[in-house]
Amino acid sequence: MHPTEEVAVPTRVIGLISGTSVDGIDAALVEISGTELDLKVELIAGATYPYPADLRERILAVGAGLAISMAELAEIDDAIAIVFAQAAQNIQIGHQPATLIGSHGQTVYHRPADREMGNKTTPYSRSATLTASPLPSTDAINRVSAHSPLGYSLQLGRGALIAHVTGITTVSNFRVADIAIGGHGAPLVPRVDAYLLSHSEEGRCIQNIGGIGNVAYIPPRHGDWLSKIRAWDTGPGNSLLDLAVEHLSAGAKTYDEDGNWAASGTPCHPLVEQWLNQDYFHLPPPKSTGRELFGVTYLHECLEDAQAYQLNAADILATLTELTAASIVHSYRTFLPEMPQRVLLCGGGSRNLYLKSRLELLLPSIPVLTTDQVGLSADFKEAIAFAVLAYWRLLGIPGNLPTATGAPQEVLLGEIHQNQYSVLRQEE
Ligand SMILES: Nc1ncnc2c1ncn2[C@@H]1O[C@H](COP(=O)(O)OP(=O)(O)OP(=O)(O)O)[C@@H](O)[C@H]1O
Ligand SMILES: CC(=O)N[C@H]1[C@@H]2OC[C@@H](O2)[C@@H](O)[C@@H]1O[C@H](C)C(=O)O
């Protein structure tokens, strides 16, 4: 290739994600330089674009198990891609345009790998030498597909359509490569956290509180610090709280702004202790979860349990907030090699002042700040991370951390959908 024709690695990148709260599309326009240890990201613009109300309702219904036809699945996949593409267009207005998009899409289903099955022999042949054997019986197939050795995670909003609509090369479907080798495919942000938020002397927990909570413990940055990182989904973040607020306000509110409603109640500690007995909180990492577990059914069970204590609405919210805080701290004390010297919060839950105060109470002598306070946007960190993951994908740098996802090795994450312009250039 002639030197003047050399294609520069895109450095102006858009990251897009809608998380488990399904509140809207977070878009971050960033300027990236460096690669890993010298990685630098400047946030040029960040915005959240709320979903059209009817699309949000459909996503939540599908995520909660509504049966739909294949045609409807294709339709909703493309509807999400179109609003993501529009978010990408909007975030560039008034700025130099981007040449790459990293789009996480919208998770509508997440089933972690079945550890038990992963270690068991399967009814199909895994041997390297091909030997003719009968196809598995229907019973065996049903057994395996009900407890597949591989996880399954579905993110809608196909990258091909985003690339087509925006004309910008788009990387999407980040979770599948990790899942294909036996990982959970989540959490994926910790590798980016490691390079953007590690400290030379200080062990830090980066705690995202979205619909679901997840933590990345990052030891001080020396020696083999990278292999000592631990990360997992801590359990409910705001998912149960949001559902409870909607229920208790008869649909008038969708979340507990600043945690004010919960702050006017009193947490019921025996109930929190009872809820903490739940299996997920005792499962050792790597582990991941979603609204499939901490969703509507779970909330209804919590509300039933609460009846025995005759709690009012504020007490119920205080108790659910306490579950989020206590499950986070319980998981640090149970699974971390050592407690962090600092906790940095991000995600919408970092704005819940009552939740933050409960975390501070449960973590005496450990400062609890937000990532904003160390220079990385708490609102847009996940979107920023998917911009970096797309950038790494083009550079051939792996995006997963095996200690976080449980995958046996590092892999390149994401499928690349080139824009029409670069496809035409290759054909010339
Ligand atoms: N001012 C606020 N006070 C209290 N809670 C807030 C506030 N702002 C946002 N939230 C909470 O944050 C949630 C959205 O957080 P976020 O956008 O980080 O979640 P997400 O990215 O969808 O989830 P995940 O990280 O699990 O994928 C809202 O649903 C709400 O519960
Ligand atoms: C399957 C899925 O979308 N998981 C999300 C979810 O939201 C928080 C937590 O559960 C986390 O593991 C993950 O997201 C972030 C972006 C991650 O992969 O790091």
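Whatever order the structure lists ligands and atoms in, that order sets their numbers, starting from 1. Please read all numbers here as calculations on a predicted model, not as lab measurements.
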Where ligand 1 meets [X] - atom numbers and elements under 4.0 angstrom, heavy-atom basis:
| X | answer |
| --- | --- |
| G347 | 18 (O) |
| D242 | 28 (C), 29 (O), 30 (C), 31 (O) |
| D256 | 3 (N), 4 (C), 5 (N) |
| E257 | 3 (N) |

Solution key, residues 333-340 side-chain donor-acceptor pairs under 3.5 Å, sequence neighbours excluded:
{"unit_1": "R333", "atom_1": "NH2", "unit_2": "L362", "atom_2": "O", "d": "3.1"}
{"unit_1": "T334", "atom_1": "OG1", "unit_2": "H330", "atom_2": "O", "d": "2.5"}
{"unit_1": "E338", "atom_1": "OE2", "unit_2": "Y217", "atom_2": "OH", "d": "2.6"}

With [X] as reference, evaluate [options] under the side chain to side chain contact (heavy atoms under 4.5 Å, CB included) test and give the passing residue.
| X | options | answer |
| --- | --- | --- |
| F386 | L16, V13, V189, V171 | V189 |
| L271 | L311, D315, L323 | L311 |
| L344 | I218, I206, N208, T370 | I206 |

I want to confirm something. Looking only at heavy atoms, which of [options] is nearest to [atom]?
| atom | options | result |
| --- | --- | --- |
| atom 1 (C) of ligand 2 | R111, E382, Q106, H110 | H110 |
| atom 10 (O) of ligand 2 | N400, D233, T107 | D233 |
| atom 6 (C) of ligand 1 | S21, G348, A262 | G348 |
| atom 8 (N) of ligand 1 | R351, K356, H104, K381 | R351 |

*Which atoms of ligand 2 sit under 4.0 Å from any heavy atom of F386?*
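The list of qualifying atoms is 16 (C).
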Structural part of [X] in contact with ligand 1, heavy atom criterion under 4.0 angstrom:
| X | answer |
| --- | --- |
| D258 | both |
| D23 | side chain |
| N238 | side chain |
| L353 | neither |

Do any N/O atoms on Y255 end up under 3.5 angstrom from N/O atoms on ligand 1?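 No.
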Checklist entry - For G259, is at least one N or O under 3.5 Å away from an N or O on ligand 1? => result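 Among all N and O atoms of G259, none is under 3.5 Å from an N or O of ligand 1.
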Query raised in the report: Would H104 count as a contact of ligand 2 if the rule is a heavy atom under 4.0 Å away?
Result: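 H104: in contact with ligand 2 (<4.0 Å).
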Inset, instruction - May I ask whether G19 places a heavy atom under 4.0 Å from ligand 2? - result: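 Flag not set, G19 not near ligand 2.
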What part of P187, side chain from CB on, backbone N/CA/C/O, both or neither, has a heavy atom under 4.0 Å from ligand 2?
->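 Both backbone and side chain of P187 come within 4.0 Å of ligand 2.
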Review point. Where's the contact between F174 and ligand 2, heavy-atom distance under 4.0 Å: side chain, backbone, both or neither?
Key: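 No part of F174 comes within reach of ligand 2.
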Check residues 51-58 and write down every donor-acceptor pair under 3.5 Å in which the side-chain atom is one partner and the other belongs to a residue at least two apart or another chain.
{"unit_1": "Y51", "atom_1": "OH", "unit_2": "Q106", "atom_2": "OE1", "d": "2.7"}
{"unit_1": "R56", "atom_1": "NE", "unit_2": "V22", "atom_2": "O", "d": "2.6"}
{"unit_1": "R56", "atom_1": "NH2", "unit_2": "S21", "atom_2": "O", "d": "3.2"}

Tell me, which protein residue and heavy-atom name are nearest atom 13 (C) of ligand 2, and how many Å apart are they?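 Its nearest protein heavy-atom neighbour is R175 NH2, 3.5 Å.
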When you measure from the heavy atoms of G237 to every atom of ligand 1, does any distance fall below 4.0 Å?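 The answer is no: ligand 1 sits nowhere under 4.0 Å from a heavy atom of G237.
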